[in-house]
Amino acid sequence: MTETFRPDARTPRGFIDKRAADLRAERRIIEAVSAVYERYGFERLDTGAFEYADALGKFLPDSDRPNEGVFALQDDDEQWMALRYDLTAPLARFSAQFWETLPKPFRRYAFGPVWRNEKPGPGRFREFIQCDADTVGSSRPEADAEMIAMMAEGLEAVGLPQGQAVVKINNRKLLNGLLTTVGVQSEPQRLAVLRAVDKLDRLGADGVRYLLGEGRKDESGAFTPGAKLNAGAAERVLAFLGAGREDRGATLSNLADVIGGSVEGDEGLADLAKIDAALTRMGVDHDRAAFDPSIVRGLEYYTGAVFEAELLLETRDEHGHAVRFGSVGGGGRYDDLVARFTGERQPATGFSFGVSRLAAALRAAGREAASDVRGPVVVIVFDPQAMGEYFAVAAELRAAGIAAEVYLGGSGMKAQMKYADRRLSPAAVILGGDEIAAGTVTIKDLDLGRALAAGITDNRQWREDRPGQATVPRAELVASVRRIVDAVS
RNA sequence: GCCGCCUUAGCUCAGUUGGUUAGAGCGCUAGAUUGUGGCUCUAGAGGUCCUCAGUUCGAACCUGAGAGGUGGUACCA
């Protein structure tokens, strides 16, 4: 007794199938953002999906679990390879590998899927698309300013004008200066403070105060241990977080009062002042790009400016509940990434848009009305003997630039009409014995037919009226179909 | 990773204190309609009741473990 194995038809968790409408939305975002990058003088670079794991590994969050978080496999020469988890690590590898031959500073952009082997959540997948721009080889704060300007312009280009999304800017040097002045002792304590700071927008000042001190218990009863700062130090951190003002200049001078004095803090302030000046001259004002002391981003990676694109739009899920979308992109200065390969410190700055997240955000905001993808003109197979004629018709239409196909299923005419309907075809071409004998062709405008059907309740009338249908001389086929197709688009 | 909730047809969901052939709506396929997508009527197909183990004469239903989903939380290069 043999039993045939039948696999479950299912997608691995965190992976999704995308159909034409989703892909079109993503492509539109990629094209809009890429055009911005190119206008700023960035060249496109594609690298492979896999990198050697050691080229990615060092910047994983848990260095004691080297391959945690990535999809890794062993090549037949025993070397570990891993799917890229972002586009920056491959750029660091590429820059190190070809440094001598590259124009410096090297400005490149890239887009494509990246993979992270971690628990998926709402709007979080194990495969998603990023669109990334970086400058390697410039330590000027103006290089950071340019990144911020491109983020702001990119948001605009995908349909999120001023007021619907904003770029928030901070500098890790400020945070480091702050940590020094409040007397943070150990690395774990430093990380705990940064994590607490990062949660300001979600938990508010009170929540952060607990996390800076003894810890915080949330509604679910879970306890998050705190950074164990004394009360004075915690208040100092909170004062820093509250230093944002109505424009970038005012925020800067206010921050100087809170943080001024530490060497690193002053450096950070000087960098931000230059970024502010460059942004202003590029026409990027405070409503598009603001200084926000609570922005932290990745803990290990960034060494200077950090920035994050945040959605301000109110979005709702399919049940009508408000959804926080938060960050749709981010980046910053990472001066140590290339040095891993060459030993030579190479200043770099860059950022990514999360294309999948942006697409989801625009959809949730009702911006990307999930408009349906229209199908081709369907040539109905009425008489199998006339197959050659049907393909000639399709070829004529295609030569005229009209998407067309001959129905290749085995069903009758009714099912074929239904097929064309479901494909959202603009028109069906009917060529039966009567038409062939008469040298004519019948063309049905499916949209018009649908509209007329609403007013017909009687079946006999529906059948006799044949709404939206016209029979024309065979020679007028292309012209007639074109009129219908043009009216659709 | 931790905590809560959920899992029955393609989809949304009913389901008897544990008792024979597990249901509905929508969708799908087809017929009524010799060459027409809608409407109406009719018929048909479609189910390891998430999986495994246990309790029981008997489990979709009770117990345990696991998987998947979902909502928080942690992490997020």
Side-chain angles (χ1 to χ4, degrees), chain A residues 3 6 8-14 56-63 65 68-70 82 84-90 92 114-122 124 130 132 191 195 198-199 202-203 211 216-225 296-302 317 319 321 323 326-327 330-332 334 337 350 352 354 375 378 380-383 409 411-425 427-435 442-469 471:
Chain A
E3 234 174 87
R6 298 205 187 280
D8 268 359
R10 63 198 177 115
T11 39
R13 73 200 164 91
L56 299 175
K58 285 272 168 70
F59 277 83
L60 295 172
D62 298 302
S63 43
R65 294 182 295 174
E68 190 71 13
V70 303
R84 63 186 181 203
Y85 54 78
D86 71 8
L87 294 169
T88 310
V114 302
W115 296 267
R116 295 183 188 184
N117 190 5
E118 54 191 22
K119 180 192 157 191
R124 267 180 77 157
Q130 288 194 332
D132 182 285
L191 295 179
R195 286 195 192 106
D198 197 34
K199 293 189 173 50
R202 211 152 39 79
L203 302 182
L211 285 175
R216 176 178 175 272
K217 190 178 222 167
D218 63 50
E219 312 85 71
S220 77
F223 180 76
T224 310
V296 176
R297 311 250 346 132
L299 297 178
E300 305 295 343
Y301 188 89
Y302 293 112
D317 63 17
H319 308 295
H321 299 128
V323 181
S327 166
Y334 53 97
L337 217 45
S352 282
V378 173
I380 302 292
V381 173
F382 180 75
D383 174 9
S411 300
M413 183 163 182
K414 190 180 171 86
Q416 296 187 44
M417 293 302 295
K418 214 167 174 176
Y419 172 80
D421 187 47
R422 195 170 306 172
R423 292 290 303 274
L424 284 179
S425 298
V429 174
I430 300 164
L431 202 47
D434 298 350
E435 285 88 352
T442 297
I443 295 157
K444 180 153 193 159
D445 182 333
L446 293 168
D447 286 356
L448 183 58
R450 196 177 293 112
L452 293 173
I456 302 174
T457 49
D458 178 60
N459 184 44
R460 172 179 232 106
Q461 193 198 353
W462 159 260
R463 291 176 62 77
E464 284 174 0
D465 280 8
R466 297 193 167 164
Q469 201 164 313
T471 299

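Letters A, B, ... are given to chains in the order of the sequence lines, protein chains preceding strands, and every chain is numbered from 1. As a basis for the values below, the full set of heavy atoms in this structure was taken, side chains included, without hydrogen atoms, waters or symmetry mates.
- Only the C1' atoms considered, B/rA67 is 39 Å distant from B/rA30, to the nearest whole Å.
- Nucleotides B/rU8 and B/rG68 place their C1' atoms 15 Å apart, quoted to the nearest Å.
- Of all the heavy atoms in A/P225 and A/L211, the pair that sits closest is O-CD2, 4.4 Å.
- Rounded to whole Å, the distance from NZ on A/K119 to P on B/rG1 is 8 Å.
- Among the atoms of the strands shown, only primed sugar atoms or phosphate atoms (P, OP1, OP2) are found under 4.0 Å from some heavy atom of A/R195.
- If you take atom C1' in B/rU29 and the same atom in B/rG37, they sit 16 Å apart, rounded to whole Å.
- Side-chain nitrogen and oxygen atoms of A/S352 include none within less than 4.0 Å of the OP1 or OP2 phosphate oxygen of B/rA77.
- The backbone N or O of A/G332 sits nowhere less than 3.5 Å from a side-chain atom of A/Y301 that would complete a donor-acceptor pair.
- When rounded to the nearest whole Å, the span between CG of A/D132 and P of B/rA77 equals 13 Å.
- Nearer the 5' end of RNA chain B, as judged by each residue's closest nucleotide, is the contact made by A/G14, out of A/G14 and A/D86.
- B/rU70 and B/rG31 have their C1' atoms separated by 43 Å, with the value rounded to a whole Å.
- The closest donor-acceptor contact from the side chain of A/Q469 to the backbone of A/T442 lies at 3.5 Å or more, if one exists at all.
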Sugar-phosphate or base contact per nucleotide [nucleotides 35-42 of chain B; S, B, -; heavy atom under 4.0 Å]
BBBBB---
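- Two residues, A/R13 and A/L203, neighbour RNA chain B, and the one matched to the more 5' nucleotide by heavy-atom proximity is A/R13.
- Looking at heavy-atom distances under 4.0 Å, A/R116 makes contact with a base.
- Across all their heavy atoms, A/S327 and A/R297 have their closest contact at OG-NH1, 4.1 Å.
- Ion pair A/R450/A/D447 flagged as a salt bridge, since at least one NZ, NE, NH1 or NH2 atom sits closer than 4.0 Å to an Asp/Glu carboxylate oxygen.
- The same atom, P, is picked in B/rG23 and in B/rA65; the two are 33 Å apart, to the nearest Å.
- Rounded to a whole Å, the CG atom of A/D198 is 14 Å from the C1' atom of B/rA77.
- Taken to the nearest 0.5 Å, the CZ atom of A/R124 stands 8.0 Å off from the CZ atom of A/R116.
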Can A/M417 and A/D421 be said to form a side chain to side chain contact (heavy atoms under 4.5 Å, CB included), step by step?
CA-CA 6 Å; A/M417 293 302 295; A/D421 187 47; over 6 Å; no
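- Within the structure, the salt bridge (charged side-chain N to carboxylate O under 4.0 Å, His left out) test picks out the following pairs touching residues 451-463 of chain A (sequence neighbours left out): A/R460-A/E464.
- On the C1' atoms, B/rA9 is 11 Å away from B/rG27, given to the nearest whole Å.
- In RNA chain B, stems built from 3 or more consecutive Watson-Crick or G-U wobble pairs, each with both distances under 3.5 Å, span B:1-7 with B:67-73, B:10-13 with B:23-26, B:28-32 with B:40-44, B:50-54 with B:62-66.
- With values rounded to the nearest 0.5 angstrom, A/I380 atom CD1 is found 9.5 Å from A/K444 atom NZ.
- Spacing between atom CD of A/Q416 and atom C1' of B/rA30 amounts to 15 Å, rounded to whole angstrom units.
- Atom CZ of A/R124 is separated from atom C1' of B/rU73 by 12 Å (rounded to the nearest Å).
- Separation of the C1' atoms belonging to B/rG58 and B/rG54 is 15 Å when rounded to the nearest angstrom.
- Nucleotides B/rC49 and B/rC6 are separated by 15 Å at their C1' atoms, to the nearest Å.
- In this structure the side chain of A/T88 reaches within 4.5 angstrom of the side chain of A/L337, judged on heavy atoms.
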